[in-house]
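Notes follow once the structure below has been shown.
Atoms considered below: every heavy atom in the structure, side chains included; atoms not considered: hydrogens, waters and symmetry mates. This structure is a prediction, so every number in the text was calculated from the model and none was measured.
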Amino acid sequence: MRRSAPVLILVLVLGLAALALFWLPRGSDYDRSPLGNKGLELWLQSKGIPVVRSDPHIARTSSEISLRIVPLSLRQGEAVASPAGEEADETDPESSVQESSRYALPTLIILPKWRGSVSTDGVASAAGLIDLTDIRSELDRIGYSDLSLDRSEKGFEQAHPRLTPDQPVSIALYNAQTFDLARLPSSCKELARTLTGALLVHCENYHHAYLLSDPDLLNNHGLALADNAAFAASLVTLLRGTAERPVYLDTADQPLDSEKPVDEGKTYERSASDLKRFFVYPLSLIWGTLVVVAAICFWRGACRFGPALREASANVELSKTAAIDATARLLRLSGNDGRMAGQFVLHLLADKAQLLFGSGAGNQAGIARLFQRLARQDKAAAQALHAAAEALIERGHVMTRADLHRNLDTFRILLGSFDLGSK
């Protein structure tokens with residue numbers, strides 16, 4: 001069983017690693033990066049505003065959401081960072097803006113600002129900013145060709161936009177990205193602004209679409225600055241109105257459905273019930289085979305060869321018997337040395353006494369106690385063994401060869417007849 005301990009530890013570690021990978025949410029690295037949206041989701045939920053995220057397995061309809069938030073991604077050149085595991089959407093880039101009018105659904109379009117390297121490096125600098133030309137090209141493609149973008153070069157600057165007259169806030173932005181107020185079309189109206197440009201724009205051609213020029217007002221990096229978090233909550237509350245339906249954070253820019261499919265009902269959120277899928281046929285055959293193999297391995301290691309011996313008493317007895325036989329032969333070959341035979345018998349009896357009564361029992365008192373214990377098993381055999389041992393110890397050196405051999409054989413046979421297990 002001791003050898004099986006490393007195997008059990010390895011299986012436990014692999015199992016924990018598999019569970020960790022199973023429960024790890026996809027895109028978590030991006031969600032918690034400076035450009036991610038996890039902070040916005042948690043912040044809105046803390047304010048009592050329900051939030052649902054885009055999922056490729058779930059079809060969303062306009063009737064079940066109150067506001068759609070779409071971070072706009074570039075379709076050419078170097079795109080902004082996107083959640084891990086989500087590929088770029090191949091649908092028409094105008095879909096989210098057009099759907100806002102088709103379904104009369106308030107939609108907040110967030111323009112890009114940072115390159116994807118910022119989400120991995122965690123460092124926001126001027127080198128990580130997207131070229132304004134690429135963003136203007138994207139505005140042309142979604143139907144806002146009349147809008148012009150500017151970007152401040154003053155580093156961090158503060159502004160005091162008012163979404164509602166009674167709720168002024170102080171926001172902070174790095175290289176603030178705004179719409180040019182001087183070139184703002186007459187059909188468009190700014191709803192929030194800095195001293196030099198517009199942050200939030202609403203145009204008549206897409207009545208339900210709103211454009212936010214700077215994503216730092218809603219991403220993880222920006223929410224930690226000044227009153228940006230309060231501005232984000234006020235903005236979402238203003239756009240969703242009094243509806244109690246959740247806010248839809250659409251990081252994949254997936255088209256909405258006019259009607260939800262009839263067979264749609266699974267949320268596909270990971271839970272413990274999903275583990276059942278790993279035990280259905282034919283995977284159940286694999287798991288069954290592994291269980292059988294593991295059972296055979298444990299049986300072979302733990303049961304087939306028996307439990308580990310605590311002490312090798314049986315081996316000691318065998319070795320002592322063999323030693324007696326070998327010594328008898330040596331005595332015969334050495335010319336009938338009775339004195340050596342007497343010393344051997346005395347030492348052997350002392351070893352037996354120490355085996356039974358401890359290391360301090362290898363003396364005359366211990367040998368006497370040994371014979372008393374043997375007498376309780378077989379009194380006559382114990383007396384005969386004592387007589388043979390006494391004769392060999394005291395008179396072995398004067399015995400003839402025949403007497404010495406006879407007493408040694410008697411001593412060996414009688415000693416082997418007793419059970420000399422430990423106490």
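- The two residues A230 and V169 have their closest heavy-atom pair at CB-CG1, 4.2 Å.
- At a cut-off of 3.5 Å, with distance as the only test, a side-chain donor of D216 or W114 sits close to an acceptor on the other residue.
- Panel note: side chain E99, backbone S96; no donor-acceptor pair is recorded below 3.5 Å.
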_Working for side-chain contact (heavy atoms from CB on, under 4.5 Å), residues L223 and F231_ = CA-CA 9 Å; L223 289 177; F231 177 85; over 6 Å; no

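- When atom types are taken as modelled, the side chain of R151 and the backbone of N175 share no donor-acceptor pair closer than 3.5 angstrom.
- With hydrogens and angles ignored, the 3.5 Å screen pairs no side-chain donor or acceptor of D180 with any backbone N or O of D150.
- For the pair S213 (side chain) and Q177 (backbone), a donor-acceptor distance under 3.5 Å is present.
- Sorted by first and then second residue, the disulfide (SG to SG under 2.5 Å) pairs with a member in residues 170-253 read C188-C203; sequence neighbours excluded.
- A salt bridge links E41 with K38; the closest basic N to acidic carboxylate O contact falls under 4.0 Å.
- For the pair T107 (side chain) and L105 (backbone), a donor-acceptor distance under 3.5 Å is present.
- Across every non-hydrogen atom of A232 and L217, the tightest pair is CB-O, 3.8 Å.
- Minimum interatomic distance between L374 and F418 (heavy atoms only, all atoms of both residues): O-CE2, 3.4 Å.
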*Start with the C-alpha distance between L225 and Y174, add both sets of side-chain angles, then the distance that settles side-chain contact (heavy atoms from CB on, under 4.5 Å), and finish with yes or no.*
CA-CA 10 Å; L225 302 175; Y174 176 77; 6.0 Å; no

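- Looking at L370 and Q354, their side chains never come closer than 4.5 Å, going by heavy atoms from C-beta outward.
- A salt bridge (Lys or Arg N to Asp or Glu O under 4.0 Å) check over residues 235-250, counting only residues at least two apart or in different chains, returns the pairs R68-D250.
- Each of L200, I110, L139 was compared with L211 under the side chain to side chain contact (heavy atoms under 4.5 Å, CB included) criterion, and only L139 meets it.
- Panel note: side chain H202, backbone H207; a donor-acceptor pair is recorded below 3.5 Å.
- Checking side-chain atoms of D227 against main-chain N and O of S170 turns up a donor-acceptor pair under 3.5 Å.
- For the pair T251 and N37, the tightest heavy-atom approach, listed with the atom from each and the gap, is CG2-OD1, 3.7 Å.
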